Amino acid sequence: MQTGSVLPDTARIMGWLDDVPDPEIPVVSVTELGIVREVWWEDATLVVAVTPTYSGCPATAVIALQIETKLRDMGISDLRIETRLSPPWTTDWITQGARDKLRDYGIAPPVDGTASGGLAAARAARMGGGGNLVIECPRCGSGDTRRVSQFGSTPCKAAYQCQACLEPFDYFKCL
Amino acid sequence: MTQTADVTASALDEALVQWLLRIGDTSLILGHRVSEWCGHAPVLEEDIALANTALDLIGHTQMWLGLAGQIEGKGRDADALVYRRDAMHYRNLKLVELPNDDMAITVMRLFLFDVFHQALIEGLTQSKDPRIAEIAAKALKEVTYHLERSSDLVVRLGDGTQQSHDRMQAALEHLWPYCGEMFWSDAVDETLADAGLAPHPDRLREGWLATVQDILTEATLKAPEGRLDVHLGGKVGRHTEHLGFLLAEMQFLQRAYPDADW
């Protein structure tokens, strides 16, 4: 930080980070996804706590780099980014606004209560012929959709297809 | 008195490093094996799913081995542990180093391991060491997802065509004698269990057998009658010849061009 100036308050800094997009889903920001957990000052050093979405998400390093670049652009040169594992990230932290943006972008947002329940949920889903949870098509809004694969184009998504309009789409997995 | 406490603390740390190498190496080697399918899996969806599973496992490896290096205190980070150790210093289960060979082996191995892994990670969320509990809480969601997927596939392929059934049964027979190592224990495991840091491996055996039996029945597959614990030794550094070939490929770049970065 430049000498003689007042340190910007953390709410303002969080506001700057609203402009940092997720590298893989650029319509939503890192703050809307809930992965920036906290920012605070340690004397003149700014500390940003970031939580990974998935353990092996390759975007994690890019996200840290983008946050650092943004803050340096805003004039903060003394900063540190910390990885925070606990509590683990959950899709519950994705804001309502971001869920709407995801849908507009063609990605079905996470449906609460569909997180992995282990073996019991898998078997129930098999017996129910794919589960009774409705994932709506982001294109036409139909609830008549089926899961094509448990994994999609990135670790955070699963592949679905709409039976009504036949559109294949990504579903943001509930975690 | 102080001296005794110090010795005890350092003995616990030593066991903890060994234990972290075991869980981290197992995650790494399985992740690497699964990643070998990238671009080669029989269908696109499987290709993507396997690559994502590999990513999760390698993500867990970074956390486990990162902690191992930190506690060891010799300046080795996760990368140094992964790229600069020979086979004899690896502590992974033999089960995970066996070659993929057949897609049936890959699917069956993931299932047999996932049942164990999910129970282990769930137990670790209760670890008295917050560093372990924190990693486990992060990994649990992913590991649970893996188990859903692999158990589902075992049923589909086992109770599928005659060919898929026979190949899954053969894979099961092939892997069965390696499974006992998941429940094998030595002083390292005893130390961790006594300190409340990790569940005793033996405690996981019964639940594993019950769940595996359940899914195999649904998959119309038959649990082999032979012993589970035929092939042991991976946890103490005695490996099959396959691990050396895997490491040769995985470590080539860092061995040929130490500290290469881009």
Side-chain angles (χ1 to χ4, degrees), chain A residues 24 35 37 49-61 82-93 110 114-131 133 146-161 168 170-171 173-175, chain B residues 27 31 35 43-64 66-67 111 114-115 118-119 121-122 125 130-156 159 207 210-212 214-215 218:
Chain A
E24 279 173 339
I35 56 183
R37 300 310 300 155
V50 178
T51 189
T53 51
Y54 282 75
S55 302
C57 182
T60 309
E82 273 185 11
T83 302
R84 184 179 289 180
L85 291 181
S86 184
W89 182 78
T90 156
T91 39
D92 295 348
W93 294 344
T114 58
S116 274
L119 216 49
R123 301 184 72 200
R126 269 204 304 279
M127 285 186 277
L133 298 153
R146 69 179 182 101
R147 186 169 75 184
V148 177
S149 174
Q150 252 173 314
F151 286 93
S153 55
T154 64
C156 59
K157 288 177 274 175
Y160 271 71
Q161 185 173 24
D170 269 339
Y171 166 59
K173 294 187 312 212
C174 191
L175 192 73
Chain B
S27 219
S35 79
V43 290
L44 182 63
E45 285 78 8
E46 274 312 298
D47 201 293
I48 293 170
L50 288 169
N52 275 310
T53 303
L55 267 180
D56 285 342
L57 290 167
I58 290 164
H60 302 162
T61 304
Q62 278 175 332
M63 297 191 279
W64 293 127
L67 183 56
F111 166 66
D114 288 348
V115 176
Q118 203 266 347
I121 296 288
E122 195 167 41
T125 60
R131 297 168 297 185
I132 293 176
E134 198 173 87
I135 295 173
K138 179 73 200 154
L140 181 61
K141 298 178 180 200
E142 291 147 9
V143 167
T144 304
Y145 202 75
H146 296 169
L147 175 58
E148 281 189 17
R149 197 184 96 80
S150 59
S151 58
D152 192 53
L153 269 181
V154 164
V155 173
R156 281 175 196 225
D159 190 15
T211 307
V212 165
D214 253 15
I215 296 292
E218 204 178 332

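Predicted model, so just to flag it, every value in this text is computed and none were measured.
Between atom CD of residue Gln150(A) and atom NE2 of residue His146(B) there is a gap of 9.5 Å, rounded to the nearest 0.5 Å. Note that OG of Ser55(A) is 9.5 Å distant from CG of Leu57(B), once rounded to the nearest 0.5 Å. A distance of 11.0 Å separates NZ in Lys141(B) from OG1 in Thr53(A), rounded to the nearest 0.5 Å.
For Thr90(A), the parts sitting under 4.5 Å from any heavy atom of chain B are the backbone and the side chain alike. For Pro87(A), no part lies under 4.5 angstrom from a heavy atom of chain B.
Listed here is the closest heavy atom pair of Pro52(A) and Lys138(B): O-NZ, 2.9 Å. The two atoms that bring Asn52(B) and Gly152(A) nearest to each other are ND2-O, 3.3 Å, heavy atoms only. Pairing each heavy atom of Pro88(A) with each of Ala137(B), the nearest pair is CG-O, 3.8 Å.
Of the possible polar contacts, none joining the Tyr54(A) side chain to the Glu142(B) backbone as a donor-acceptor pair under 3.5 Å is found.
When side chains are defined from C-beta on, Thr53(B) counts as touching Phe151(A), because their heavy atoms get closer than 4.5 Å.
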